[in-house]
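All ligand and atom numbering here is 1-based and tracks the order in the structure.
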Amino acid sequence: MSTAVNALKRCDEADAGPARTVAFEVRKANFAEHRLAEAPSPPLEPGQILLAVEKFALTANNISYALAGDRLGYWDYFPSGEPLWGRLPAFGFLEVVQSRCDAVSVGERFYGYVPMASHVVMRPTRVGERTFIDAYDRRAALHEAYNTYYRWDEARGGRPDLFPALNPLFMTSWLYFDYLAEKGYFGAEQVILLGASSKTGLALAHFLSGAAMGRRVCVGVTSARNRAFVQQTGCFDRVLSYDEVDGVIDLPSVVVDFSGDGEVVGRVHARLGGQIVLSSRIGQTHWDADRAPRDLPGPKPAFFFAPGHVQEGVAIWGEQAFHDRADQAWLSFLAAAETWFEVQRGEGAAALAEVYDALVAGVVDPSRAHILSLGA
Ligand SMILES: NC(=O)c1ccc[n+]([C@@H]2O[C@H](COP(=O)([O-])OP(=O)(O)OC[C@H]3O[C@@H](n4cnc5c(N)ncnc54)[C@H](OP(=O)(O)O)[C@@H]3O)[C@@H](O)[C@H]2O)c1
């Protein structure tokens, strides 16, 4: 192993020697521990391509991947080759630097799931005008939404740096919003977001603050230090800090949890009990907090997993109509979000480690969108 990121060699020709791959790896059993691994990229087999990972976004979502790595298969996308160490997926941009696949050429750019690494090998199948699917053996059993790579079209995303930092999180919240709206909010008069400063939480608040909410109240609950940031987005009728959560108004409510903080979830359930019409668990940003007790008053929190809903949305709307609707909703969110978030770029292993450590410790400024690169 070495930390020589600068030793990276780029291959622009299909017959050039293999590049070295530098990868950020975390210890699966203790994801606060990480290292940089470096090895020659394997020679390509027929049908494979080598892609340089240009840049990727890092948010608390990627830390949650480590937490759920075994349960939801996140370690299986980009295996490190060593069972105790894992490569966390992130969303980012790629450029083809070698190709032994007739349908994909050197120089083409794609967007999708990437390892936090300099390079990655894929085996494209179903190559179309807009997408291909990575059919690399290990991925066959994983979610197709995460195995799909989009040809990057600058016009589609609006802001190339904000896209990987916000679009996947937006997608979750837009799908959840759609689900709530379609069900008439389950009769709720109030929607309470726990972990309201998260990007995923703010995306949901953006859609809830639109006209579709009618007279329903949207309440954001966050840590005291992030309260002002949440308030200034203007998406919430009320913003509470975690220690004020007992003050939520006694109304029929949907509770949406991005924090995974059992104590906070427990207090909301204790306060509202049978008034809770739906309790959803989306995230777990407070990864080291105790989980909620099993015998909570009110309905049992149910996990909402976005990739399953993408497939459902495509099945209901048809692929093109689903993507058109998603693109329109994205642009509406982006117009608001670009006034809330500032892109912070970092290059190299030290910059990546610094942001990763801050996310694990929970000290990242919620107004930052971190875009990183390992030097491809
Ligand atoms: N189920 C799904 O399909 C799905 C899809 C997308 C995202 N998610 C989940 O949604 C959650 C939010 O993800 P994100 O990327 O939007 O997060 P983010 O923007 O990076 O969230 C930042 C916020 O999370 C809290 N936080 C982060 N790390 C923390 C730590 N170590 N200790 C305590 N608080 C911490 C803080 O919020 P507060 O001060 O407000 O507590 C912080 O302002 C993640 O758990 C992610 O996995 C789930």
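- Closest protein heavy atom to atom 48 (C) of ligand 1: I282 O, 3.0 Å.
- In terms of polar-atom proximity, G362 is counted as a contact of ligand 1, with an N or O under 3.5 Å from an N or O of the ligand.
- Residue contacts with ligand 1 include A196, since one or more of its heavy atoms lies under 4.0 Å from the ligand.
- By the 30° and 60° cut-offs, the orientation of the rings of Y150 relative to Y111 is tilted.
- R271 contributes no side-chain N or O that, together with a main-chain N or O of V245, makes up a donor-acceptor pair within less than 3.5 Å.
- Any N or O atom pair closer than 3.5 Å counts here, and T222 shares at least one such pair with ligand 1.
- Between the S280 side chain and the F304 main chain, no donor and acceptor come within less than 3.5 Å of each other.
- Among all protein heavy atoms, the one lying closest to atom 11 (C) of ligand 1 is T285 CG2, 3.6 Å.
- For F229, the closest heavy-atom approach to ligand 1 does not fall below 4.0 Å.
- Residue A60 has at least one nitrogen or oxygen atom sitting less than 3.5 Å from a nitrogen or oxygen atom of ligand 1, judged on distance alone.
- Within the structure, the closest approach of Y65 to ligand 1 does not fall below 4.0 Å when heavy atoms are considered.
- Looking at L166, L193, T172 and measuring to atom 6 (C) of ligand 1, the nearest heavy atom belongs to T172.
- Any N or O atom pair closer than 3.5 Å counts here, and D288 shares no such pair with ligand 1.
- Nearest protein neighbour of atom 1 (N) of ligand 1, counting heavy atoms only, is F304 O, 2.7 Å.
- A salt bridge is absent between E319 and R130: the closest approach of a Lys/Arg side-chain nitrogen to an acidic carboxylate oxygen does not fall below 4.0 angstrom.
- The nearest protein atom to atom 41 (O) of ligand 1, hydrogens excluded, is given as Y242 OH, 2.5 Å; this is a heavy-atom distance.
- Residue, atom and distance of the protein heavy atom nearest to atom 47 (O) of ligand 1 are N61 OD1, 2.7 Å.
- The protein heavy atom nearest to atom 16 (O) of ligand 1 is T200 OG1, 2.6 Å.
- Applying the 6.0 Å contact sphere to CD of Q232 captures more than 12 heavy atoms from other residues, nucleotides or ligands.
- Taking a 4.0 Å cut-off on heavy atoms, G260 fails to register as neighbouring ligand 1.
- Considering backbone and side-chain atoms alike, G201 places every N or O at 3.5 Å or more from each N or O of ligand 1.
- In this pair, F132 and F110 present their aromatic rings perpendicular. The plane angle is above 60°, beyond the 30 to 60° band.
- Residues F333 and W174 fail the side-chain proximity criterion, which asks for heavy atoms closer than 4.5 Å.
- The backbone of V360, and not its side chain, has at least one atom closer than 4.0 Å to an atom of ligand 1 (non-hydrogen atoms only; backbone = N, CA, C, O).
- Clustering ILVMFWY residues whenever any of their side-chain heavy atoms sit less than 4.5 angstrom apart, transitively, puts F305 in the very cluster that holds L67.
- By the 30° and 60° cut-offs, the orientation of the rings of Y74 relative to Y146 is tilted.
- Among all protein heavy atoms, the one lying closest to atom 38 (P) of ligand 1 is S197 OG, 3.3 Å.
- Considering only heavy atoms from C-beta on, F56 stays 4.5 Å or farther from P164 through its side chain.
- Judged by distance alone, with hydrogens and angles left aside, the side-chain atoms of Y356 form no donor-acceptor pair with the main-chain N or O of A32 at under 3.5 Å.
- Note: an N/O pair closer than 3.5 Å links A306 and ligand 1 by distance alone.
- In terms of modelled atom types and a separation under 3.5 Å, the side chain of S173 and the main chain of T200 share a donor-acceptor contact.
- Looking from atom 19 (O) of ligand 1 to the surrounding protein, the closest heavy atom is K199 N, 2.8 Å.
- Checking P168, G283, A165 against atom 10 (O) of ligand 1, the nearest heavy atom belongs to G283.
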